[in-house]
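Taking it in order: structure first as structure tokens, then the write-up.
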Number of protein chains: 2
Amino acid sequence: MPRAGLTAERVVLAAAELADRVGLDGVTLSALARGFGVRDASLYSHVRNVRDLRTRLTLLAGGELTDRIALAVAGRSGKEALAAFAQAYREYALAHPGRYAASQLPMDQALLAASPTAQRSIEITYAMLRAYDLADPELIDAGRMLRATLHGYVTLEAAGGFGHARPVQTSWERAIDALDLVLRRWPAANSR
Amino acid sequence: MPRAGLTAERVVLAAAELADRVGLDGVTLSALARGFGVRDASLYSHVRNVRDLRTRLTLLAGGELTDRIALAVAGRSGKEALAAFAQAYREYALAHPGRYAASQLPMDQALLAASPTAQRSIEITYAMLRAYDLADPELIDAGRMLRATLHGYVTLEAAGGFGHARPVQTSWERAIDALDLVLRRWPAANSR
DNA sequence: CCAGTTGCCTAGGAAGTATAGGCAACATAG
DNA sequence: CTATGTTGCCTATACTTCCTAGGCAACTGG
């Protein structure tokens with residue numbers, strides 16, 4: 001039986017492509033094995049189990065998303081950086097829905113803490129927010145809100161949640177404006 | 001073989017409770033059948049298939065969430081209504097993680113359009129936003145952003161995405177303040 | 001070349017989804 | 001009450017997915 005030349009990397013990449021094509025739920029070891037022309041049991045030589053595959057996929061997609069964002073915000077600050085950040089984020093999610101979904105999967109906290117990519121993602125976000133003169137602890141609050149808004153937006157969009165005739169792109173641009181506004185005037189704790 | 005007295009409603013309710021207990025992924029016809037002390041095949045007398053079960057679960061959870069929100073905002077306006085809305089939203093998600101996840105599942109658009117609950121949810125949201133003097137098309141944009149932020153927040157929270165030591169409740173309160181700020185000063189299209 | 005490693009396979013089992021047909025509990029009409 | 005039609009349960013079965021164990025030969029390195 002000649003070897004098919006599989007490696008863990010190749011398997012994960014194929015999983016990413018399959019996720020984008022048929023959705024994350026469609027990524028099974030069985031489907032991947034069929035794609036490679038091998039038996040499903042053969043994949044266990046390269047990934048430990050489905051959970052291992054998903055973790056690797058999460059890290060791959062998270063890394064890609066972070067790279068995209070880093071490239072987009074490089075050399076920019078203020079609203080320009082925010083818009084670039086958000087645009088890169090949404091474009092990645094639109095172009096790679098399965099990868100994006102994988103990037104947001106809950107993951108073992110220890111693995112997450114050990115991931116250079118996760119750290120980098122946080123640093124890029126905070127660097128951008130510091131240009132709005134935000135510092136601890138407002139930096140944390142604002143960072144969380146930013147992430148929530150972006151994630152919520154692309155998730156609802158992907159789920160067909162914006163059914164109104166109003167073009168989503170227009171609403172998106174308004175949302176970026178709104179985010180810029182609150183980042184410039186982040187509410188203090190006693191603003192109520 | 002005496003009948004176990006199952007109905008579709010009972011099955012869906014059990015699914016909701018199981019979802020909250022073990023997560024939405026753990027809701028299987030097999031698990032439900034075990035809970036009722038019947039064979040899995042028996043459940044097909046009450047639900048057409050897994051997809052039908054999920055759709056019913058989505059509608060149930062969506063209705064509960066909408067009821068909670070409606071109750072919370074009744075008689076309130078402005079920031080008080082917003083805070084009540086958001087609090088009801090997050091509390092439901094925290095108390096019923098599986099139900100909440102089910103409420104956000106993509107669903108057949110035709111079924112969604114025919115759902116009184118979905119319509120009601122939209123109406124409640126827009127009623128609240130009108131108190132901020134928002135009108136079409138800003139109403140749509142703002143509504144989308146509100147939903148995105150809330151959904152993103154509770155989703156990231158549930159996935160353990162807010163790992164920093166900063167208490168999430170504090171960040172949450174700041175996010176509501178931020179939302180109130182942008183709703184009061186919703187950016188116009190030419191604000192750039 | 002030889003020995004050790006390992007990537008493939010088969011075999012098999014567990015769990016979940018789903019269909020078909022049978023039987024008796026159930027509901028309803030006369 | 002009885003007869004009849006309905007249907008909720010079961011068993012049997014098939015398929016899919018996930019996973020483990022052991023065997024064999026391709027592969028690697030000395």
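FYI, side chains are in, hydrogens and waters are out, and symmetry mates aren't considered; it's all heavy atoms of this structure. A, B, ... follow the sequence lines: proteins, then strands. Residue 1 opens every chain.
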If I take atom [atom1] in residue [X] and atom [atom2] in nucleotide [N], what distance separates them, rounded to the nearest angstrom?
X     : N      : atom1 : atom2 : result
B:D52 : C:dT17 : CG    : P     : 14 Å
A:D25 : C:dT17 : CG    : P     : 13 Å
A:L32 : D:dT16 : CG    : P     : 17 Å
B:L18 : C:dG16 : CG    : C1'   : 14 Å
A:R51 : D:dT17 : CZ    : C1'   : 18 Å
B:M1  : D:dT11 : CE    : P     : 7 Å
A:L29 : D:dT20 : CG    : P     : 11 Å
B:L43 : D:dG8  : CG    : P     : 12 Å

Looking at every strand, decide which applies to [X] at a 4.0 Å heavy-atom threshold: base, sugar-phosphate, or nothing.
X     : result
A:A4  : sugar-phosphate
B:G26 : nothing
B:T28 : sugar-phosphate

Distance only, no hydrogens: is a donor on one side chain within 3.5 Å (strictly under) of an acceptor on the other, for [X] and [Y]?
X      : Y      : result
A:E123 : A:Q119 : no
A:Y89  : A:Y100 : yes
B:T149 : A:T149 : yes
B:Q87  : B:R68  : no

Ring-ring centroid check B:Y153 B:W172, cutoff 6.0 Å: yes

Given [options], the nucleotide with the shortest approach to the side chain of [X]:
X     : options                : value
A:S42 : C:dC9, D:dC18, D:dC10  : C:dC9
B:Y44 : D:dC9, C:dA18, C:dC9   : C:dA18
A:D40 : C:dC8, D:dC19, D:dT11  : D:dC19
B:R39 : D:dC19, D:dT11, C:dT10 : D:dT11

Counting only side-chain nitrogens and oxygens, does [X] get under 4.0 Å of the OP1 or OP2 atom of [N]?
X     : N      : value
A:H46 : C:dC8  : yes
A:R34 : D:dT17 : yes
B:R48 : C:dA18 : no

Between A:R3 and B:L6, which is nearer to the 5' end of DNA chain D once each is assigned its nearest nucleotide?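 With B:L6 and A:R3 compared, the 5'-side residue is B:L6.
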
